[in-house]
Amino acid sequence: MAQELLRANEEIARENRAVVDAQKLLTINLISAPGAGKTTLLEKTIAGLKDDLSIGVIEGDIYTTRDAERIAGQGVAVVQINTSGGCHLDARMVATALQALPLNMLDLLFIENVGNLVCPAEFHLGEDYKVAVLSVTEGSDKPAKYPLVFREAQAVVINKTDLLPYTDFALDTAVKELKSINSILEIFNVSAKNGAGMEAWCIWLKALVHQKGQSVMQ
Ligand SMILES: Nc1nc2c(ncn2[C@@H]2O[C@H](COP(=O)(O)OP(=O)(O)OP(=O)(O)O)[C@@H](O)[C@H]2O)c(=O)[nH]1
Ligand SMILES: [Mg+2]
């Protein structure tokens with residue numbers, strides 16, 4: 001049953017991918033534990049990129065519209081999905097949200113998944129890349145304890161680095177363990193709060209947008 005569910009999801013995810021590929025629209029699925037800083041990272045990222053890129057956001061949340069309201073405050077196109085209790089987004093929900101966005105006007109689409117380090121890793125949405133956010137207040141053992149999301153991700157943003165002096169988070173150990181789970185991971189150390197490290201992250205995103213824009217359709 002679970003396998004069937006995942007297979008059906010996979011099929012719709014492929015259709016979503018075809019939709020965003022047709023627009024050469026880079027799509028990022030942002031995953032983290034609750035409160036790691038996905039929305040704050042998005043707010044800062046949008047502020048840093050919106051003069052150069054046209055950005056859209058799909059906001060996944062269990063019940064509220066609070067994150068979507070925060071993102072709307074940045075003046076970009078945003079669509080809310082409420083999962084009504086569900087612990088992750090699925091491809092069907094994203095397919096509906098895609099219809100509500102001006103895709104042909106966008107260069108970069110973020111999908112903020114429901115705060116959860118486990119379930120979202122199993123459900124592809126049609127994204128180009130998954131990016132995991134790990135905050136230093138969660139403990140540096142989390143990559144080893146929840147490896148799937150870090151194996152699936154193309155990049156990890158280690159957030160809340162401004163709080164490093166007040167935690168026992170071992171940055172070197174975390175980076176080593178992340179690399180042992182997934183040797184090709186891009187790792188960015190940032191504080192979405194004070195903006196530290198945001199530049200490298202934004203440069204990486206811009207390069208990927210450029211690369212997708214240049215891609216030759218099959
Ligand atoms: N000190 C510090 N606080 C941060 C940073 N990034 C986010 N926060 C705070 O962490 C809390 C959660 O941030 P959000 O951006 O709402 O986290 P989220 O991952 O979107 O949360 P959910 O959508 O509920 O899973 C807020 O109080 C933020 O102000 C950071 O870099 N440093
Ligand atoms: Mg959020």
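Numbering of ligands and ligand atoms starts at 1, following listing order. Residue numbers count from 1 along this sequence.
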Legend entry - Salt-bridge criterion met for K212 and D21 (N-O under 4.0 Å): yes
Legend entry - Enumerated ligand 1 atoms positioned under 4.0 Å from heavy atoms of P34: 25 (O)
Legend entry - L208 side chain reached by Q211 side chain, heavy atoms, under 4.5 Å: yes
Inset, instruction - Check ligand 1 against L163 and write out every atom of the ligand that is under 4.0 Å from a heavy-atom position of the residue. - result: 1 (N)
Inset, instruction - Taking only heavy atoms of D162 into account, list the atoms of ligand 1 that are under 4.0 Å away from them. - result: 1 (N), 2 (C), 30 (C), 31 (O), 32 (N)
Inset, instruction - Can you pull out the closest protein heavy atom to atom 6 (N) of ligand 1? Residue, atom name and distance to 0.1 Å, please. - result: N159 ND2, 3.1 Å
Legend entry - K38: numbered ligand 1 atoms lying under 4.0 Å from its heavy atoms: 15 (O), 17 (O), 18 (P), 19 (O), 20 (O), 21 (O), 22 (P), 23 (O), 25 (O)
Inset, instruction - Mark up the atoms of ligand 1 that fall under 4.0 Å of a heavy atom belonging to S32, in ascending order. - result: 19 (O)
Inset, instruction - Examine the proximity of ligand 1 to D67 and report which part, side chain or backbone, both or neither, has a heavy atom under 4.0 Å away. - result: side chain
Inset, instruction - Flag yes if L89 and Y129 sit in one hydrophobic cluster, no otherwise; membership is Ile, Leu, Val, Met, Phe, Trp, Tyr, and two members link when side-chain heavy atoms are under 4.5 Å apart. - result: no
Inset, instruction - May I have the angle between E112 OE2 and T39 OG1 with its vertex at the Mg ion (ligand 2), rounded to 10°? - result: 90°
Legend entry - Under-4.0 Å heavy-atom contact between protein and atom 14 (P) of ligand 1: yes
Inset, instruction - Would you mind telling me if ligand 1 is within reach of the side chain of T39, the backbone, both or neither, using heavy atoms under 4.0 Å? - result: both
Inset, instruction - Using the rule that two of Ile, Leu, Val, Met, Phe, Trp, Tyr join whenever any of their side-chain heavy atoms come within less than 4.5 Å, decide whether V156 and I31 are in one cluster. - result: yes
Legend entry - D128 bridged to R17 by N-O distance under 4.0 Å: yes
Legend entry - Distance in Å, R92 CZ paired with N16 CG, rounded so as to fall on 0.5 Å steps: 10.0 Å
Legend entry - Which of the ligand 1 atoms, numbered from 1, are nearer than 4.0 Å to a heavy atom of E112: 20 (O), 23 (O)
Legend entry - Heavy-atom proximity to atom 5 (C) of ligand 1, best of R70, M198, R66, K160: K160
Inset, instruction - Answer with yes or no whether the hydrophobic clustering places F188 together with I46; edges join I, L, V, M, F, W, Y residues whose side-chain heavy atoms lie under 4.5 Å apart. - result: yes
Inset, instruction - Test V136 against every option in D168, T167, N189, D162 by the side-chain contact (heavy atoms from CB on, under 4.5 Å) rule and name the one that passes. - result: T167
Inset, instruction - Would you check whether G37 has a nitrogen or oxygen atom less than 3.5 angstrom from a nitrogen or oxygen atom of ligand 1? - result: yes
Legend entry - ligand 1 to G35 polar contact by distance, N or O atoms, under 3.5 Å: yes
Inset, instruction - Please write down residue, atom name and distance for the protein heavy atom closest to atom 7 (C) of ligand 1. - result: T40 OG1, 3.4 Å
Inset, instruction - Would you mind telling me which of L42, V78, N29 makes a side-chain contact (heavy atoms from CB on, under 4.5 Å) with F110? - result: L42
Inset, instruction - Could you tell me the residue and atom name of the protein heavy atom closest to atom 29 (O) of ligand 1, and the distance to it rounded to 0.1 Å? - result: K193 NZ, 3.1 Å
Legend entry - Co-membership, hydrophobic cluster, residues I158 and W201, 4.5 Å side-chain: no
Inset, instruction - Measure from the Mg ion (ligand 2) to every N/O/S atom of D67 and report the name of the nearest one. - result: OD2
